[in-house]
Amino acid sequence: MTLTKEIPDRELIIKGTEVLYKELGYVDTIRFLSMPRDQRVESVERHRKWQESLDMKAFYDEAFKRDGS
């Protein structure tokens, strides 16, 4: 097992930005950092959508498997 040392946030931001700039150039680095993130579905709404598609019998059969006893 390899232990890693956590880089302080400020140093991580600086190093990450430098790598992006070196690999992508200025314009694409700014473009990448400016990309909008996908909107997250609120957790209750996400759970309800999951429940709508759920086959309850199959779910319970899998969740409460019997070992044959």
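The figures that follow rest on heavy atoms only: side chains count, while hydrogens, waters and symmetry mates do not.
- Ion pair R48/E52 not flagged as a salt bridge, since none of the NZ, NE, NH1 or NH2 atoms sits closer than 4.0 Å to an Asp/Glu carboxylate oxygen.
- Atoms NZ and OG1, on K22 and T29 in that order, are 12.5 Å from each other to the nearest 0.5 Å.
- Hydrophobic clustering of Ile, Leu, Val, Met, Phe, Trp and Tyr side chains at less than 4.5 Å, counting indirect connections, unites L54 with F64.
- Under the 4.5 Å side-chain heavy-atom criterion for Ile, Leu, Val, Met, Phe, Trp and Tyr, I30 and Y21 are members of the same hydrophobic cluster.
- Salt-bridge formation is detected for the pair K57/D61: a Lys NZ or Arg NE/NH1/NH2 atom is positioned less than 4.0 Å from an Asp or Glu carboxylate oxygen.
- Legend: side chain to side chain donor-acceptor pair (under 3.5 Å) pairs involving residues 6-16, not counting sequence neighbours, sorted by first then second residue: E11-K15.
- By the criterion of side-chain heavy atoms lying less than 4.5 angstrom apart, applied directly or through intervening Ile, Leu, Val, Met, Phe, Trp or Tyr residues, L24 is grouped together with M35 in one hydrophobic cluster.
- With a 4.5 Å cut-off on side-chain heavy atoms, R31 and D28 count as touching.
- In this structure, CG on L33 lies 10.5 Å from CD1 on I13, to the nearest 0.5 angstrom.
- Note: W50 and H47 have tilted aromatic rings, judged against thresholds of 30 and 60 degrees for the angle between ring planes.
- One distance of note links OG1 of T17 with CZ of F32; it measures 10.0 Å at 0.5 Å rounding.
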